[in-house]
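Contents: one structure, followed by commentary.
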Amino acid sequence: MRVGVLALQGAFIEHELYYKNLGHEVFEIRQLADLSLFSLTNHYPPTTNNSLLILPGGESTVQVKLLKDLGLYEPLKAMIAAGLPTIGTCAGLILLANHFQLLPVTVKRNAYGRQLGSFTYVGTFDGKANVPMTFIRAPAIESISKGVEVLSEFEGKATAVRYKNITAFCWHPELNS
Ligand code: GLN
């Protein structure tokens with residue numbers, strides 16, 4: 001796959017290493033021209049072949065500002081809406097749900113409290129047991145709409161979801177093997 005990792009701010013290096021180690025072709029998205037590194041079809045909005053977009057964790061307010069300043073906000077949103085397979089972690093989940101409004105879940109930022117700001121929980125992900133899940137100042141998914149599949153839960157709340165071409169995590173899958 002061609003894996004484009006949004007590399008404006010936050011934990012993008014970890015995703016890059018993860019996918020490189022799996023043998024995929026990884027590139028960073030830092031400016032508008034980088035979007036052409038996906039193998040795109042030549043109609044608008046472009047759709048992609050064999051590609052994956054990663055929206056990493058970090059600080060969503062900063063990421064949104066930079067996306068807008070760089071003119072990346074609308075083009076990226078259009079590509080995801082057109083079906084580009086996308087993974088969002090943490091701040092990436094906040095972007096997909098609260099800003100782009102392409103993921104129909106309600107998300108509360110920094111929901112796991114200051115002292116519990118970072119912790120690792122071992123649970124079941126997509127039917128697979130014993131998956132370590134690292135939460136860092138994580139958002140909570142407060143409610144989900146019809147058609148959203150829950151992939152993992154913590155204390156009765158969804159912590160990873162799948163909807164159409166989008167998979168989104170409250171936790172950081174790239175930090176554990
Ligand atoms: N607290 C961050 C935010 O609100 C998200 C934290 C993270 O991405 N690890 O954007």
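Indexing begins at 1, ligand by ligand and atom by atom, following the structure's order.
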Quiz item: For atom 4 (O) of ligand 1, what's the nearest protein heavy atom and its distance?
Solution: Arg109 NE, 2.6 Å

Quiz item: How far is atom 1 (N) of ligand 1 from its nearest protein heavy atom, and which residue and atom name does that atom have?
Solution: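 The answer is Asn110 OD1, 2.6 Å.
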
Are the side chain of [X] and the backbone N or O of [Y] linked by a donor-acceptor pair below 3.5 Å?
{"X": "His172", "Y": "Thr134", "result": "no"}
{"X": "Asn165", "Y": "Ile80", "result": "yes"}
{"X": "Gln9", "Y": "Glu59", "result": "yes"}
{"X": "Thr106", "Y": "Ser143", "result": "yes"}

Do any nitrogen or oxygen atoms of [X] come within less than 3.5 Å of a nitrogen or oxygen of ligand 1?
{"X": "Thr61", "value": "no"}
{"X": "Thr89", "value": "no"}
{"X": "Ile136", "value": "yes"}

Pull out every atom of ligand 1 sitting under 4.0 Å from any heavy atom of [X], numbered as shown with elements.
{"X": "Gly57", "value": "8 (O)"}
{"X": "Ser60", "value": "3 (C), 4 (O), 10 (O)"}
{"X": "Ile94", "value": "3 (C), 4 (O), 10 (O)"}
{"X": "Glu59", "value": "2 (C), 3 (C), 4 (O), 10 (O)"}

Self-check item: Mutual orientation of the aromatic rings belonging to Tyr112 and Phe135 [parallel < 30°, tilted 30-60°, perpendicular > 60°]
Solution: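 Aromatic pair Tyr112/Phe135 classed perpendicular.
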
Quiz item: Would you call the rings of Tyr19 and His15 parallel, tilted or perpendicular, where under 30° means parallel and over 60° means perpendicular?
Solution: parallel

Exercise. Pick whichever of Gly58, Ala91, Pro139, Cys90 has a heavy atom sitting closest to atom 2 (C) of ligand 1.
Key: Gly58

Quiz item: Once you round to the nearest 0.5 Å, how far does OG1 of Thr124 lie from CG of Asn130?
Solution: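 It comes to 7.5 Å.
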
Quiz prompt | Atom NZ of Lys108 with >12 non-hydrogen neighbours under 6.0 angstrom | solution = no

Quiz item: Below 4.0 Å from any atom of ligand 1, is there a heavy atom belonging to His172?
Solution: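 Under 4.0 Å: yes for His172.
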
